[in-house]
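Shown next, in structure tokens, is the structure this report addresses.
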Amino acid sequence: DSSLLLQSTHNVTVNARNSNGEVTGRLNVGPKMVEFHSQQFQINSKDGKPLFTVDENEVVIGTDKLRVTGPEGALFEHSVETPLVKAEAFKQLRLESPTRSLSMDAPRGINIKAQAGNIEALSQMDIKLHSSDGVLLLDAETVRLPKLPEGARGGSGMSQGLYEICVCPDGKLYLSVAGVGSTCQEYSRVCQ
């Protein structure tokens with residue numbers, strides 16, 4: 001019932017050997033680093049539940065929550081696969097790629113929801129919404145395009161390179177070359 005104390009001025013190495021005398025595991029505790037050489041490393045809780053497991057293929061963290069407390073957050077060189085990314089209560093969650101693109105892929109859709117606030121998409125360049133096999137649905141009480149250019153009154157037939165956004169009865173949008181009056185037609189062939 002007493003502790004075993006191993007001391008050294010350089011390092012302490014503990015080897016595990018198989019029946020042939022070959023080293024199968026090595027723990028090296030040095031003044032600046034602790035090294036472990038083996039096929040697998042595991043840390044268990046008091047009740048034997050694996051908390052942290054490492055082998056040459058993967059790292060498994062078996063706790064209910066992984067908390068990264070560094071000021072820069074978590075940095076990943078390659079892909080991340082997880083069922084949930086969540087910020088602490090009353091803290092903002094940011095997914096950021098300062099010098100490259102940020103990509104989210106899911107075969108059954110991506111849902112971005114703000115229960116009690118706004119969702120903003122800011123870009124220095126273009127923001128593209130593309131659906132290869134479906135519709136783009138803007139379902140809101142009001143849809144605003146505040147910076148849409150307005151033409152000045154000019155001679156007839158002068159569109160000034162401007163277009164009018166027209167709406168079909170089924171909600172489909174289309175562009176029509178702007179004129180002095182509205183050029184939208186309720187029964188345009190575009191709406192058929």
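Within a 6.0 Å sphere centred on NZ of K65, heavy atoms belonging to other residues, nucleotides or ligands number 12 at most. Residue D47 qualifies as enclosed at atom CG: its count of foreign heavy atoms under 6.0 Å is above 12. Counting heavy-atom neighbours within 6.0 Å of E56 CD, excluding the residue itself, gives a total of 12 or less.
Side chain to side chain, S182 and E164 meet the donor-acceptor criterion of an N or O pair below 3.5 Å.
Counting all heavy atoms, side chain and backbone alike, A106 lies closest to G109 at CB-O, 3.2 Å. Closest approach of I119 to I112, counting heavy atoms only: CD1-O, 3.5 Å. When every heavy atom of A87 is checked against every heavy atom of L93, the shortest pair comes out as CB-CB, 3.6 Å. Here the shortest heavy-atom pairing between K172 and D170 reads N-OD1, 3.0 Å. Closest approach of P50 and N44 over heavy atoms only: CA-OD1, 3.3 Å. The minimum heavy-atom distance between R17 and G21, with the atom names listed, is NH1-O, 2.9 Å.
Note: the hydrophobic cluster containing V23 does not contain V29 (ILVMFWY, side chain heavy atoms under 4.5 Å, direct or indirect links). Both L173 and L175 belong to a common hydrophobic cluster when Ile, Leu, Val, Met, Phe, Trp and Tyr are linked at side-chain heavy-atom distances under 4.5 angstrom. Taking hydrophobic clusters as Ile, Leu, Val, Met, Phe, Trp and Tyr residues chained together by side-chain heavy-atom distances below 4.5 Å, L75 does not share a cluster with L95. Under the 4.5 Å side-chain contact rule for hydrophobic residues, F76 and F52 do not share a cluster. Cluster annotation: V177 and L145 are assigned to the same hydrophobic cluster (Ile/Leu/Val/Met/Phe/Trp/Tyr, side-chain heavy-atom contacts under 4.5 Å, transitive).
Between the S97 side chain and the R100 main chain, a donor and an acceptor come within less than 3.5 Å of each other. S3 places no side-chain N or O within donor-acceptor distance of the main-chain N or O of L5, the cut-off being under 3.5 Å. A donor-acceptor pair under 3.5 Å is formed between the side chain of S45 and the backbone N or O of K49. Side-chain N or O atoms of D126 include none that pairs as donor or acceptor with a backbone N or O of K128 at under 3.5 Å. N20 places no side-chain N or O within 3.5 Å of a backbone atom of E22 that could act as its donor or acceptor partner. No donor-acceptor distance shorter than 3.5 angstrom exists from the side chain of T53 to the backbone of Q42, with no hydrogens or angles considered.
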Problem - L27 and T13: CA distance, side-chain angles, deciding distance, side chain to side chain contact (heavy atoms under 4.5 Å, CB included) verdict - result: CA-CA 6 Å; L27 174 65; T13 301; over 6 Å; no

Exercise for the section: For the pair Y163 and S176, evaluate side chain to side chain contact (heavy atoms under 4.5 Å, CB included) and give the outcome as yes or no after the intermediate values. Expected result: CA-CA 5 Å; Y163 295 86; S176 179; over 6 Å; no

Handout entry: Worked check of salt bridge (charged side-chain N to carboxylate O under 4.0 Å, His left out) between E35 and R26
Key = CA-CA 8 Å; E35 280 184 292; R26 173 180 293 131; over 6 Å; no

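Atom CG in N11 sits 4.5 Å away from atom CG in N28 (nearest 0.5 Å). The CG atom of D105 sits 11.0 Å away from the CD atom of E81 when rounded to the nearest 0.5 Å. Note that the OG1 atom of T24 and the NE2 atom of H37 stand 13.0 Å from one another [nearest 0.5 Å].
Applying the ring-ring contact (aromatic ring centres under 6.0 Å, His included) criterion to F36, with sequence neighbours excluded, gives F41.
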